S.K.: 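Could you have a look at this structure, given as structure tokens, before my questions?
Everything numeric here is computed off the predicted structure, so don't read it as measured data. Both backbone and side-chain heavy atoms feed into the values below; hydrogens, waters and symmetry mates do not. The chain is numbered in sequence order, starting from 1.
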Amino acid sequence: MTTIELSAKEARRIALTASGLAKPRPARPGPAAFDAMLDRLSMVQMDSVNVLARAHYMPGFARLGDYDPTLLDKAAWSRKRSLFEYWGHAACLIRTELQPALRWRMEGMRAGTDGYVGLRRFAAERGDFIAEVLRQIEQRGPLASRELEGGGKATGSWWGWSEGKRALEWLFSAGLVTTHSRPGFERIYDITERVLPEAVALPTPTREEGQRQLILAAAQALGVGTVADLSTYWYIKPKEGAARIAELVEAGALVSAKVQGWRDAAWLLPGITSAPKPQGAAIVSPFDPLMWERDRVERMFDFRYRIEIYVPAHLRQHGYYVLPFLMGDRIAARLDLKADRKAGTLVVAASHLEPGADLGAVAPAVSAELALLAKWLKLGAIRIDPRGDLAPHLSSQG
């Protein structure tokens, strides 16, 4: 087996190119550029945090700039959608053509062998109730959990879930229902066949073949990664991920690489041996695929990141909702950002320069990025608070 030798810099550049963050943004980011981004990443993560913008919109901003967020709304929740909600890397919007590749996970939930233990236990105890919830959706059409008859009330446990919500989440994880729409971010459930008829009609691969498809999609999005990197992109168990990677290597669909400074072996798609110097600059969400695995980020960029939302204010090092600023092939700054929608202001609560970064180059680049972000969020002003060593050098005018 041939092994490619890569320097740490080469691996980093391959990863950024694969992620779509190496080139300057397109001048006119339309539907074609948006679809190409989704093809590249396969999925974007969803999260309820809305301090700045919801997580699933931010990868588009990082790669496309001032793009139209309704492109994602249409892709995810229109009648002819190209994305569907499911468990990919946590809760994600995933390309619909990959729905068959995830059926092993859905089947595992139905069999009681995969998925969240609490939901599996609930299904074992309340199978008749779950069947009744499914019957209601079949007969009544798309429903929110609060619209269920006999669904019960929310409690202080299970994230406040009612029994009806638990039943719906089991049905969702089992692939029997999916998200019909999300008015106000509330999930409306419907029968999967009614929402995704074309995807449902596709043949079901074996568990092994489905996982191989997912590993290849991860390799495309990450550029280069270890067994843990490629497996965790989809939360495939490392033992299964290692087996699938070995099969893909034998088939010639992946090749091995040794990356300078990496303890473990790496893998990448055939034909990739280098990438050009990245020219992009972008504010990147903590929930961006580039940032999902903190160990990989530290290994790749020598950048240690921890989200501090749940850290008491007096113990936070960089701020409440901190986003890395990527410039070229390194992470050059951290920005604690908030969209004050009532005031129409993008608030930069703190801004820190990373060690070794060039202040003279970073400050104007960050200022320009903040101006673009404010425009995209339709905020008319930028407020730079004084916290952080980068703050005195930033302009609120871009």
Side-chain angles (χ1 to χ4, degrees), residues 1-6 10-12 14-15 17-20 38-45 84 86-90 92 94-115 173-175 199-275 289-290 292-293 295-296 299-300:
M1 179 176 65
T2 303
T3 298
I4 299 170
E5 300 274 348
L6 295 175
E10 288 170 333
R12 186 164 57 248
I14 288 170
T17 299
S19 188
L38 293 177
D39 284 339
R40 180 187 297 274
L41 299 177
S42 293
M43 59 181 161
V44 291
Q45 186 176 344
F84 78 106
Y86 194 60
W87 302 110
H89 186 93
C92 287
I94 305 168
R95 296 293 289 191
T96 54
E97 61 264 28
L98 288 173
Q99 195 266 357
L102 285 156
R103 288 178 192 162
W104 60 270
R105 182 166 286 164
M106 302 170 189
E107 291 165 357
M109 176 61 81
R110 296 198 290 272
T113 57
D114 287 293
S173 296
V200 169
L202 295 172
T204 300
T206 64
R207 181 185 185 99
E208 293 78 12
E209 177 56 29
Q211 290 179 349
R212 285 193 290 268
Q213 291 178 28
L214 299 178
I215 292 289
L216 287 176
Q220 175 181 274
L222 295 178
V224 58
T226 64
V227 167
D229 296 337
L230 297 176
S231 301
T232 309
Y233 198 80
W234 295 96
Y235 281 154
I236 296 170
K237 294 176 182 178
K239 185 175 181 179
E240 288 187 287
R244 302 295 85 80
I245 288 170
E247 293 158 3
L248 289 165
V249 170
E250 186 175 355
L254 285 178
V255 297
S256 68
K258 181 176 176 57
V259 180
Q260 176 190 14
W262 290 23
R263 181 188 62 191
D264 298 327
W267 313 92
L268 69 170
L269 297 173
I272 300 173
T273 57
S274 63
L290 185 73
W292 279 346
E293 291 308 305
D295 289 346
R296 183 173 189 268
R299 183 183 350 123
M300 188 80 68

S.K.: With no hydrogens and no angle check, just 3.5 Å: does a side-chain donor-acceptor pair link W292 and Q45?
M.R.: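 A donor-acceptor contact under 3.5 Å links the two side chains.
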S.K.: What pair of heavy atoms forms the shortest contact from S19 to L41, and how long is it?
M.R.: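 Here S19 and L41 meet closest at O-CD2, 3.9 Å.
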S.K.: I need the S231 OG to R244 CZ distance, nearest 0.5 Å.
M.R.: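 Here the rounded value is 10.0 Å.
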S.K.: Rounded to the nearest 0.5 Å, what separation is found between the CD atom of Q211 and the CG atom of L248?
M.R.: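 Output value for this atom pair is 10.5 Å.
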S.K.: Does a donor on one side chain sit under 3.5 Å from an acceptor on the other, for S42 and R95?
M.R.: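 Checked: S42/R95 side chains show no N/O donor-acceptor pair below 3.5 Å.
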S.K.: Quick one: pull up CG in L214 and CG in L98 and give me the separation to the nearest 0.5 Å.
M.R.: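 The CG atom of L214 sits 6.5 Å away from the CG atom of L98.
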S.K.: Which atom names give the shortest non-hydrogen contact between I215 and L254, and what distance separates them?
M.R.: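 Distance-wise, the nearest heavy atoms are CG2-CD1, 4.1 Å.
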S.K.: Which atom names give the shortest non-hydrogen contact between L269 and A253, and what distance separates them?
M.R.: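 Heavy-atom minimum between the residues: CD2-O, 3.8 Å.
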S.K.: Run the numbers on W87 and Y235 for ring-ring contact (aromatic ring centres under 6.0 Å, His included), then give the verdict.
M.R.: CA-CA 9 Å; W87 302 110; Y235 281 154; 9.3 Å; no
S.K.: Under the criterion side chain to side chain contact (heavy atoms under 4.5 Å, CB included), I'd like the reasoning laid out for I14 against L6: C-alpha separation, chi angles, the key distance, then a yes or no.
M.R.: CA-CA 10 Å; I14 288 170; L6 295 175; 4.0 Å; yes
S.K.: Step by step, work out the salt bridge (Lys or Arg N to Asp or Glu O under 4.0 Å) result for D229 and R299.
M.R.: CA-CA 11 Å; D229 296 337; R299 183 183 350 123; 2.9 Å; yes
S.K.: Using only atom types and a distance under 3.5 Å, with no angle test, would you say the side chain of Q99 pairs donor to acceptor with the backbone of L202?
M.R.: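 Looks like no, no N/O pair under 3.5 Å.
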S.K.: May I have the step-by-step check of salt bridge (Lys or Arg N to Asp or Glu O under 4.0 Å) for R263 and D295, ending in yes or no?
M.R.: CA-CA 12 Å; R263 181 188 62 191; D295 289 346; over 6 Å; no
S.K.: Checking M43 against W234 for the side chain to side chain contact (heavy atoms under 4.5 Å, CB included) test, could you report, in this order, the C-alpha distance in whole Å, the side-chain angles of both residues, the deciding distance, and whether it holds?
M.R.: CA-CA 10 Å; M43 59 181 161; W234 295 96; 3.5 Å; yes
S.K.: Using a 4.5 Å cut-off on heavy atoms from C-beta on, say whether the side chain of E240 contacts that of R207.
M.R.: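 Side-chain contact under 4.5 Å: yes.
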S.K.: Let me see the working for L222 and W267 under side chain to side chain contact (heavy atoms under 4.5 Å, CB included), right down to the final yes or no.
M.R.: CA-CA 10 Å; L222 295 178; W267 313 92; over 6 Å; no
S.K.: With side chains defined as the heavy atoms from C-beta onward, is the minimum distance between E293 and H89 less than 4.5 Å?
M.R.: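 In short, these two side chains touch, coming nearer than 4.5 Å.
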S.K.: Applying salt bridge (Lys or Arg N to Asp or Glu O under 4.0 Å) to R105 and D114, what does each step give before you reach the verdict?
M.R.: CA-CA 6 Å; R105 182 166 286 164; D114 287 293; over 6 Å; no
S.K.: Between T232 (side chain only) and A228 (backbone N and O only), is there a donor and an acceptor less than 3.5 Å apart?
M.R.: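 The answer is yes, because a donor-acceptor pair under 3.5 Å joins these two groups.
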S.K.: Evaluate M106 against Y86 for side chain to side chain contact (heavy atoms under 4.5 Å, CB included), listing each step before the verdict.
M.R.: CA-CA 10 Å; M106 302 170 189; Y86 194 60; 3.2 Å; yes
S.K.: Quick check: closest heavy atoms across Q220 and D39, and the distance to 0.1 Å?
M.R.: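 Residues Q220 and D39, closest heavy atoms: NE2-O, 2.7 Å.
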S.K.: What are the two closest heavy atoms between A199 and P100, and how far apart are they?
M.R.: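 For A199 and P100, the tightest heavy-atom pair comes out as O-CG, 4.1 Å.
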S.K.: Do W104 and P205 touch side chain to side chain, with heavy atoms closer than 4.5 Å?
M.R.: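 Answer no - side chains too far apart.
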S.K.: Checking R40 now: which residues fulfil side chain to side chain donor-acceptor pair (under 3.5 Å) with it, not counting sequence neighbours?
M.R.: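 Result, side chain to side chain donor-acceptor pair (under 3.5 Å) vs R40: none returned.
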S.K.: Where do I245 and L230 come nearest, in terms of heavy atoms and distance?
M.R.: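 Closest approach of I245 to L230: CD1-CD1, 3.8 Å.
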S.K.: Look only at the side chain of S173 and the backbone of M109, and say whether a donor-acceptor pair between them is shorter than 3.5 Å.
M.R.: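 Absent.
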S.K.: Find the distance between CG (L102) and CD (E107) and round it off to the nearest 0.5 Å.
M.R.: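 L102 CG to E107 CD: 11.0 Å, rounded to 0.5 Å.
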